[in-house]
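Have a look at the structure below, then the notes.
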Amino acid sequence: MHELSVAQALVEQLDAIVRERHADAAISFRVRIGPLSGVMPELLTSAFSLAAAGSAVEQAAMELVQAPVRVRCQTCGAETEAAMNRLLCGACGDWHTQLISGDELILESVELQMPETAAQ
Amino acid sequence: MCTVCGCGTGEEAVHSHDGHAAPGYRPVAGGALHFGLGPAGAHVGGMSQDRLVQVERDILGKNNGYAERNRKLLAGHDVLALNLVSSPGSGKTTLLTHTIERMRDELPIAVIEGDQQTSFDADRIRATGAPAIQINTGKGCHLDAHMVGHALEQLPPLDHGLLLIENVGNLVCPAAFDLGEAHKVAILSVTEGEDKPLKYPDMFHAASLMLLNKIDLLPHVRFDVEQCIEYARRVNPAIEVILLSAQSGEGMEAWLDWIRRERQARAVRQRALRHVSGHSRTGDQAA
Ligand SMILES: Nc1nc2c(ncn2[C@@H]2O[C@H](COP(=O)(O)OP(=O)(O)OP(=O)(O)O)[C@@H](O)[C@H]2O)c(=O)[nH]1
Ligand SMILES: [Mg+2]
Ligand SMILES: [Zn+2]
Ligand SMILES: [Zn+2]
């Protein structure tokens with residue numbers, strides 16, 4: 001249930017962006033989650049509605065994108081995709097690999113609702 | 001007011017202690033810190049034209065900021081910090097008390113204990129004579145770097161020492177939260193089954209070392225040690241593994257040697273860093 005803490009951090013960041021840009025609210029936003037980030041997408045979605053209640057981002061729709069698990073092989077140097085519970089090199093099969101993507105938890109973009117420009 | 005995170009300095013909008021990622025904390029008599037005191041609200045806006053902004057921000061950026069602060073502070077005092085993670089009851093506190101008993105003549109040791117409730121574990125540590133701060137997370141299922149920063153403020157100086165952080169017993173949630181430690185150490189007891197590294201890959205991926213504990217029970221349970229290690233390597237090719245029994249003491253020397261090796265490796269890295277940067281920064285004065 002640490003997804004609630006993650007959701008609260010997310011709300012806080014969105015809130016800060018709304019303020020920084022002098023927007024009225026956030027309409028939608030996009031989050032990129034790696035399978036090894038320790039966060040369950042479904043849980044994050046439900047935690048977000050709890051965390052966002054009463055805030056300027058309450059109405060914002062969350063779009064989740066899964067980041068692929070990618071490894072760099074220390075033996076052959078190839079960068080390949082891997083399964084989250086089998087971090088083998090896709091080229092030579094060696095297990096001396098380093099994770100290059102798959103544990104991230106990133107707020108990619110936000111769609112803001114800007115105030116009516118005070119024409120006239 | 002708060003030297004770790006600067007709370008109470010008027011940047012309330014950026015960092016409010018009454019909710020959000022860093023929940024309200026209040027120091028409590030007996031040296032325990034209590035977190036998890038309910039969320040807070042904010043303001044609402046109107047309606048109009050839209051704008052898309054690319055931000056690419058780390059969602060746990062704030063926690064990571066606190067973690068970096070803790071890490072700098074610890075490095076400034078030459079402290080090796082280990083974050084011990086496991087499911088409930090795998091033997092973290094037992095391991096800590098025995099580690100302290102065997103190492104306390106060698107270097108100063110302090111402990112930060114994370115539990116949802118009670119200060120039983122901190123009491124067990126204090127019984128060894130080592131200083132311990134209990135953090136109660138309330139409903140929170142993990143420690144975060146902000147809590148640890150406040151606990152650090154309450155610990156006596158620990159120069160050239162070892163800080164052992166016992167996280168909340170939970171194989172899921174603590175994986176995502178950097179506390180500023182040098183390494184996460186995952187403890188798995190042989191009564192839990194060898195498939196755990198595959199079931200909880202995030203945690204075993206995040207750990208540098210896996211301690212297979214309670215090996216005194218191996219004759220009584222079905223647990224395939226080789227298979228377990230193979231599973232752990234699937235999710236973390238670089239993970240180191242030590243078999244031990246915190247109770248019988250078997251394998252404890254290997255664990256202590258691992259700590260000694262890490263301390264030496266750190267000292268070498270620190271010297272190299274200082275060499276590169278010309279002059280040393282002796283870390284934050286606030287301790
Ligand atoms: N047989 C055996 N029992 C052990 C060993 N290490 C710990 N235990 C027992 O396991 C139980 C749990 O130990 P703790 O040290 O409290 O475990 P913990 O991980 O700190 O538990 P939480 O803090 O509640 O998550 C206790 O009954 C210990 O005596 C061991 O090496 N062998
Ligand atoms: Mg314990
Ligand atoms: Zn959790
Ligand atoms: Zn390869």
Side-chain angles (χ1 to χ4, degrees), chain A residues 1-6 8-13 15-19 21 23-25 27 29 31-33 35-40 50-51 53-58 71 74 83-88 94-99 102-117, chain B residues 13-16 19-23 35-36 39-64 137 139-144 168 170 172-177 197-206 230-231 233-238:
Chain A
M1 259 319 287
H2 62 300
E3 278 78 7
L4 188 56
S5 324
V6 175
Q8 284 168 338
L10 183 56
V11 169
E12 209 172 319
Q13 293 215 356
D15 226 24
I17 292 165
V18 167
R19 257 182 289 109
R21 312 271 169 159
D24 285 335
I27 297 165
F29 60 93
V31 166
R32 188 167 79 243
I33 297 190
L36 285 167
S37 66
V39 169
M40 296 269 299
L50 273 177
S55 78
V57 301
E58 181 171 24
V71 294
Q74 283 156 346
M84 74 180 289
N85 52 16
R86 209 171 172 87
L87 300 183
L88 298 178
D94 200 282
W95 56 269
H96 291 96
T97 59
Q98 233 173 7
L99 195 76
D103 61 355
E104 58 268 72
L105 199 53
I106 303 282
L107 173 59
E108 275 189 5
S109 61
V110 189
E111 191 187 355
L112 294 171
Q113 181 177 285
M114 301 309 292
E116 212 84 62
T117 38
Chain B
V14 182
H15 169 201
S16 67
H20 301 307
F35 288 83
H43 43 256
V44 191
M47 48 184 282
S48 198
Q49 356 146 235
D50 315 333
R51 198 166 72 187
L52 187 72
V53 257
Q54 299 295 330
V55 285
E56 215 46 38
R57 287 191 196 176
D58 196 329
I59 294 174
L60 292 178
K62 190 160 127 186
N63 182 73
N64 296 342
T137 57
K139 293 277 170 267
C141 43
H142 58 272
L143 291 175
D144 66 36
V168 180
N170 177 336
V172 181
C173 311
F177 295 84
L198 288 190
K199 287 188 176 167
Y200 302 97
D202 309 57
M203 187 61 89
F204 289 89
H205 179 77
E230 201 259 316
Y231 285 157
R233 296 228 157 104
R234 280 197 205 173
V235 301
N236 184 353

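Within every chain, numbering begins at 1; the chains are lettered A, B, ... in the order of the sequence lines, protein sequences first and strands thereafter. Since the structure is predicted, the reported quantities are computational estimates derived from the model, not experimental observations.
Between atom CG of residue A:Leu88 and atom CZ of residue B:Arg234 there is a gap of 8.0 Å, rounded to the nearest 0.5 Å.
Between the A:Glu58 side chain and the A:Gly54 main chain, a donor and an acceptor come within less than 3.5 Å of each other. No side-chain donor-acceptor contact under 3.5 Å links B:Asp202 to the backbone of B:Ala175.
Using a 4.5 Å cut-off between heavy atoms, A:Arg21 contacts chain B through both its backbone and its side chain. Contacts of A:Val71 with chain B are absent, with no heavy-atom separation under 4.5 Å from either backbone or side chain.
Among A:Leu99, A:Thr97, A:Leu105, A:Val39, the residue with the largest count of heavy-atom pairs under 4.5 Å with chain B is A:Leu105. Here A:Ile17 is the residue among A:Val6, A:Leu10, A:Ile17 with the most heavy-atom pairs under 4.5 Å with chain B.
Residues B:Phe177 and B:Leu60 form a side-chain contact, since some pair of their non-hydrogen atoms from C-beta on lies under 4.5 Å apart.
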